[in-house]
Peer 1: 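Got a structure for you, questions after.
By convention in this document, chain letters (A, B, ...) are assigned in the order of the sequence lines, proteins followed by strands, and residues within each chain are numbered from 1. FYI, side chains are in, hydrogens and waters are out, and symmetry mates aren't considered; it's all heavy atoms of this structure.
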2 protein chains.
Amino acid sequence: MSSLTIGKLAKAADVKVPTIRFYEQIGLLPEPDRTDNDRRVYQEATVRRLAFIKHARQLGFPIEAVRSLLDLSDHPEQTCDSANALAEEQLASVEHKIAQLEALRTELKRMVAAGCKGAAADCQVIESLANHDLCQHDHGAPEPRRSH
Amino acid sequence: MSSLTIGKLAKAADVKVPTIRFYEQIGLLPEPDRTDNDRRVYQEATVRRLAFIKHARQLGFPIEAVRSLLDLSDHPEQTCDSANALAEEQLASVEHKIAQLEALRTELKRMVAAGCKGAAADCQVIESLANHDLCQHDHGAPEPRRSH
DNA sequence: GTGCATCCTCTAGTAGCTAGAGGATCAAGT
DNA sequence: ACTTGATCCTCTAGCTACTAGAGGATGCAC
């Protein structure tokens, strides 16, 4: 039976080391055994658990949902109604976000297409921002934050 | 010339009061005059500035981009190249997010459709999370966080 | 005058990590 | 044996963009 350092585990599940410690801290991962020198020692099974978490997070499930899903995974005799509910909720959330972002895209495209050459005084981008009435569609508050 | 309390300004621009103080703190809004009792006093023009900020934020521009856009709006004699660049950048960011979310949607739909009636042991939602190989498409890390 | 709304400042909390300080220990190469 | 670099430890702070709350001082209407 092989055991892993935190670094190996991180590589095996393609997750950063501090993230593992963080998951332990919030109770998504159990506290592992330690060596004489306080280093964490993991079993192979933890790779699967961590991969499960990672996958759920990639799909956008919030941590608390992941916690519930893990709990179901740990107790397969329970009914999976809540897993279905969580998945449906997440799907609805994603579709909602897509709809919002598509409205934003429309608006941004219009701004970019109008463009302007020259002074900001005549800039349609600036003008669009100043004058919400120019918007063709409603665009509510999205989830900000750029990926860059 | 009418002047406004922070509460009136908040209502006029449909923004919460603490948000205004926050924008002042980070320098998006200038420090207003104060009454004898230290209460903020705003001019009508601030409503437009705040609406500009709100609109830009709704379109997903990060604060630092808003700062640049405001700066351009304040100095209309400058060229608006950077406004165009920011808008294009934001458009690209939005399109990127849409693409990611559509991949997630596909995956989640598959999970939900497979569903399951009964025990978590046979739940396709749980199984999908445990086994990434079941995914039909790549879905990278999205921007998580549920709206609700 | 009484009570509620609004204002003030300051601090902490939200989500989900990520980065860094400061220090100990391990593993490989010479 | 020694050195060097990688890895480990804990703890704290930072990121985004606000939001909520404590604790207290006014303002405004009846």
Side-chain angles (χ1 to χ4, degrees), chain A residues 3-29 31-42 50 53-70 90 93 97 140-148, chain B residues 3-29 31-42 50 53-70 90 93 97 140-148:
Chain A
S3 57
L4 304 165
T5 65
I6 196 172
K8 308 275 188 189
L9 173 61
K11 250 168 217 153
D14 193 25
V15 160
K16 287 182 186 147
V17 167
T19 302
I20 294 173
R21 288 196 271 251
F22 172 73
Y23 285 159
E24 177 184 329
Q25 195 190 318
I26 63 173
L28 283 193
L29 290 176
E31 294 187 17
D33 292 337
R34 301 281 186 133
T35 67
D36 294 349
N37 287 310
D38 254 7
R39 306 205 159 185
R40 290 168 177 83
V41 180
Y42 295 95
L50 189 49
I53 296 170
K54 192 194 173 195
H55 192 188
R57 292 288 307 123
Q58 280 181 332
L59 287 168
F61 287 93
I63 294 279
E64 288 315 306
V66 177
R67 201 187 296 280
S68 304
L69 292 166
L70 273 172
Q90 180 58 20
S93 163
K97 281 184 203 163
E143 321 274 307
R145 186 175 293 185
R146 248 176 347 187
S147 61
H148 70 128
Chain B
S3 57
L4 303 166
T5 65
I6 196 171
K8 309 274 188 190
L9 174 60
K11 251 166 217 156
D14 193 26
V15 160
K16 286 180 187 147
V17 167
T19 303
I20 294 174
R21 289 196 272 251
F22 172 71
Y23 286 159
E24 177 185 328
Q25 195 191 321
I26 64 172
L28 283 194
L29 289 176
E31 294 187 17
D33 292 338
R34 300 281 185 132
T35 67
D36 294 350
N37 286 310
D38 252 8
R39 305 204 159 185
R40 291 168 176 83
V41 180
Y42 295 96
L50 188 49
I53 295 171
K54 192 193 171 194
H55 193 187
R57 292 289 305 123
Q58 280 182 333
L59 287 167
F61 287 93
I63 294 279
E64 287 315 306
V66 178
R67 201 188 295 279
S68 304
L69 292 166
L70 274 172
Q90 181 57 20
S93 163
K97 281 183 202 164
E143 321 273 309
R145 184 174 296 185
R146 252 178 342 188
S147 62
H148 84 126

Peer 1: Between atom CG in A:L29 and atom C1' in C:dC17, what is the gap in whole Å?
Peer 2: 14 Å
Peer 1: Looking at the side chain of B:F22, which of D:dT19, C:dC26, D:dT26 is the nearest nucleotide?
Peer 2: D:dT19
Peer 1: Which ones in residues 6-15 of chain B lie close to DNA chain C, meaning a heavy atom under 4.0 Å from one of its atoms?
Peer 2: B:I6, B:G7
Peer 1: Any idea which heavy atoms bring A:L70 and A:L28 closest together, and the distance?
Peer 2: CD1-O, 3.8 Å
Peer 1: Taking side chain as C-beta onward, heavy atoms only, is A:R39 less than 4.5 Å from A:R34?
Peer 2: no
Peer 1: Under 4.0 Å between a side-chain N or O of A:T5 and OP1 or OP2 of D:dC8?
Peer 2: yes
Peer 1: Please check the phosphate of D:dC18 (OP1 and OP2 only) for any side-chain N or O of B:Y23 closer than 4.0 Å.
Peer 2: yes
Peer 1: Round to the nearest Å and state the distance from A:D36 atom CG to C:dT25 atom C1'.
Peer 2: 12 Å
Peer 1: For a salt bridge (charged side-chain N to carboxylate O under 4.0 Å, His left out) check, start with the C-alpha distance between A:R21 and A:E24, then their side-chain angles and the critical distance, and finish with the verdict.
Peer 2: CA-CA 5 Å; A:R21 288 196 271 251; A:E24 177 184 329; over 6 Å; no
Peer 1: OP1 or OP2 of C:dC8 versus the side-chain N and O atoms of B:R40: is any pair under 4.0 Å?
Peer 2: yes
Peer 1: Which heavy atom of A:A10 sits nearest to which heavy atom of A:V17, and what is that distance?
Peer 2: CB-CG2, 3.7 Å
Peer 1: Do any side-chain nitrogens or oxygens of A:T19 fall under 4.0 Å of OP1 or OP2 in C:dT18?
Peer 2: yes
Peer 1: Using whole Å, what does the distance between atom P of nucleotide D:dC9 and atom CD of A:E31 come to?
Peer 2: 13 Å
Peer 1: Choose from C:dC26, C:dT18, D:dA17 the nucleotide whose nearest atom is closest to any side-chain atom of B:P62.
Peer 2: D:dA17
Peer 1: Between C1' on D:dT16 and NZ on B:K97, what's the gap in Å once rounded to a whole number?
Peer 2: 11 Å
Peer 1: Write down the atom of A:F61, the atom of A:L69, and the distance for their closest heavy-atom approach.
Peer 2: CD2-CD1, 3.9 Å
Peer 1: Between B:R57 and D:dC18, is there a side-chain N or O to OP1/OP2 distance below 4.0 Å?
Peer 2: yes
Peer 1: Tell me the closest heavy-atom pair linking A:V41 and A:P32, and the distance in Å.
Peer 2: O-CB, 3.3 Å
Peer 1: So what does B:R21 hit on the nucleic acid, given a heavy-atom distance under 4.0 Å: a base, only sugar-phosphate, or nothing?
Peer 2: base
Peer 1: Quick check on salt bridge (charged side-chain N to carboxylate O under 4.0 Å, His left out): which of B:R57, B:K8, B:K54 does B:D14 satisfy it with?
Peer 2: B:K54
Peer 1: Separation of A:K16 atom NZ from C:dG20 atom P, in whole Å?
Peer 2: 11 Å
Peer 1: For residues A:L50 and A:Y23, report the shortest heavy-atom separation together with the two atoms involved.
Peer 2: CD1-CD1, 3.8 Å
Peer 1: Rounded to the Å, how far apart are B:L4 CG and D:dG27 P?
Peer 2: 18 Å
Peer 1: Out of D:dT26, C:dC17, D:dA17, which has the shortest distance to the side chain of A:I63?
Peer 2: C:dC17
Peer 1: Would you mind reading off the distance between B:E64 atom CD and D:dT16 atom C1', rounded to a whole angstrom?
Peer 2: 11 Å
Peer 1: Can you check whether B:N37 has a side-chain N or O nearer than 4.0 Å to OP1 or OP2 of D:dG27?
Peer 2: yes
Peer 1: Over how many whole Å does the gap from B:Q25 atom CD to D:dT19 atom C1' extend?
Peer 2: 13 Å
